[in-house]
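Per chain, numbering begins at 1; letters A, B, ... match sequence-line order.
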2 protein chains.
Amino acid sequence: MNSLIEENYLKALFNMANEAGEVNVTELSRRLEIKMPTVTSMMKKLSDKKLVLYESYKPLRLSEKGKKEAGLIIRKHRLTEMFLVEKMHLGWEDVHDIAEQIEHIQSPVFFEKMDELLGYPKVDPHGSPIPDKSGKIVWKEYNKLSDCREGETAKLAAVINTSSDFLKFLNGREMRLGVKIKIRSIEPFDKSMVVSYGKRQAEVLSNVVCERILVEKEG
Amino acid sequence: MNSLIEENYLKALFNMANEAGEVNVTELSRRLEIKMPTVTSMMKKLSDKKLVLYESYKPLRLSEKGKKEAGLIIRKHRLTEMFLVEKMHLGWEDVHDIAEQIEHIQSPVFFEKMDELLGYPKVDPHGSPIPDKSGKIVWKEYNKLSDCREGETAKLAAVINTSSDFLKFLNGREMRLGVKIKIRSIEPFDKSMVVSYGKRQAEVLSNVVCERILVEKEG
DNA sequence: TAATTTTGTTAGATTAATCTAACTTATTAT
DNA sequence: ATAATAAGTTAGATTAATCTAACAAAATTA
């Protein structure tokens, strides 16, 4: 059994590998807000437990075992987020911190029940995929809204940034997963977009926002 | 903020005081399966934090502050148990271990939402009272089934022992909170009872069982 | 390529929670 | 009332996770 702290290292390694590719000690240290020597010694410990493939001065990698365990923690995290939104009526901007704690609960039945009550969901409330029971995760190939062209229509499929601030920004504009967005125009200077969706006819979105929205192009 | 470990000491002190009155180091040590010197040093620490009133060689007592914090943890535990049974359809024999972990989650909204979805319940699935938002707990005056007399009718209000084994024993006999039990006869030798309830006409319950069942007498 | 900066490691200290062994105080039994 | 037993404390060691300070390796820049 791994400690809660070890679980947090595994999860961070897994998420960072999915975001950036190569992970090093400095980045992991920054992400976890834990000093580098502590990270180094934890990497050695996780290496002894065959969860991490560690070599001095080399990038950090999870072993297959480590990937599986990390995937299962993220599965619990995302199932929880889905449960909190769907069954407990919390907002998608409020569930992260709670899921961050509940993901460490040790109880297969508890999470199986969640999964069942939710109807075996494939994604969480932010559109991120839920790893399967073997910890495997499949990312659908989405496009950034910022990579779409004028005239195109696309469905909001996921958000990259899940900070409460960004999600509240989207709430304030009635933007949620599933809305169909039509790109009216793109400002060449700053790449901001004028889009329409739902009842909104001409909403301006900055490039910073468009880069954090993932969409599925229509037709 | 208290650590998860400190919370477990507070909760044990609170529960033991409700069961037995005076609590000493030996008992607390046994309950938590932690050696006595460790318990002593934790008592000193909790005393420094004004949660426990500690004097060498004297019985252990929670301060008002300690009682409140313990009550709030037990509130979270019992709300969780109720939620798991009512909203997630788990059996009353399966919820303790999960609640034991979820009671440490730090998130007022999460537990407020539970409370709201459950309709502000006053008792948990085992009939134990749920402390209010200030951590206060009110025990109703129930009778042990073993203290009832022949011919009396009483409603199953709570169970004292919440071990999975005992609860499965009750499940197997269709005994649940709320069932109206009529005492047909009492065997003088071993104090076992023959009772009827629901569709069961002559169920034999040993004194060990009857002592662990709390009832509310009818009329 | 040599100097400088960044990244990573080693060594050793610290804290919280635990333990065992030895000792002290309180209670019980003779 | 004294001896024996039980309960509680003190002292000191251990483990996991953290830190700072000092050093070493790798990468970048001049």
By side-chain hydrogen bond (donor to acceptor under 3.5 Å, both in side chains), which residues pair with [X], not counting sequence neighbours?
X: Asp132(A); result: Ser134(A)
X: Lys44(A); result: none
X: Lys11(A); result: Glu100(A), Glu103(A)

Please figure out whether Ser41(B) or Thr38(A) has its closest DNA chain D nucleotide nearer the 5' end.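 Closer to the 5' end of DNA chain D: Ser41(B).
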side-chain hydrogen bond (donor to acceptor under 3.5 Å, both in side chains) contacts touching residues 79-88 of chain A (sequence neighbours left out):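 Found His77(A)-Glu81(A), Glu81(A)-His126(A).
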Pull out every residue in [range] that has a heavy atom closer than 4.0 Å to any atom of DNA chain D, ordered by number, or say none.
range: residues 19-36 of chain B; value: Asn24(B), Val25(B), Thr26(B), Met36(B)
range: residues 10-18 of chain A; value: none
range: residues 48-62 of chain B; value: Tyr54(B), Ser56(B), Tyr57(B)

Report the distance from atom CG of Asn8(B) to atom C1' of dT18(C), rounded to the nearest whole Å.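 Result: 14 Å.
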Between P on dT10(D) and CE on Met43(B), what's the gap in Å once rounded to a whole number?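 In whole Å, dT10(D) P and Met43(B) CE are 14 Å from each other.
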Assuming nearest nucleotide by heavy-atom distance, tell me which of Met42(B) and Pro37(B) is located more 5' along DNA chain C.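 The 5'-side residue here is Met42(B).
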Quiz: residues 109-119 of chain B side-chain donor-acceptor pairs under 3.5 angstrom, not counting sequence neighbours:
residue   : atom : partner  : partner atom : Å
Asp115(B) : OD2  : Arg75(B) : NH2          : 2.9

Compile the donor-acceptor pairs under 3.5 Å between side chains in residues 54-63 of chain A and protein atoms, sequence neighbours left out, one pair per line.
residue  : atom : partner  : partner atom : Å
Ser63(A) : OG   : Lys50(A) : O            : 2.7
Ser63(A) : OG   : Leu51(A) : O            : 3.1
Ser63(A) : OG   : Lys65(A) : N            : 3.3
Ser63(A) : OG   : Gly66(A) : N            : 2.9

Just jot down the salt bridge (charged side-chain N to carboxylate O under 4.0 Å, His left out) partners of Lys35(B), sequence neighbours excluded, or say none.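 None.
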For Asp165(A), give me all partners under side-chain contact (heavy atoms from CB on, under 4.5 Å), at least two apart in sequence or on another chain.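 Scan of Asp165(A) (side-chain contact (heavy atoms from CB on, under 4.5 Å), adjacent residues dropped) gives Ser163(A).
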Taking only residues two or more places apart in sequence, or in another chain, which ones meet Val208(A) in a side-chain contact (heavy atoms from CB on, under 4.5 Å)?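 Partners of Val208(A) under the side-chain contact (heavy atoms from CB on, under 4.5 Å) test: Ser206(A), Arg212(A).
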Using 4.0 Å as the upper bound for N to carboxylate O, is an ion pair formed by Arg30(B) and Glu27(B)?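 Result for this pair is no, no salt bridge flagged.
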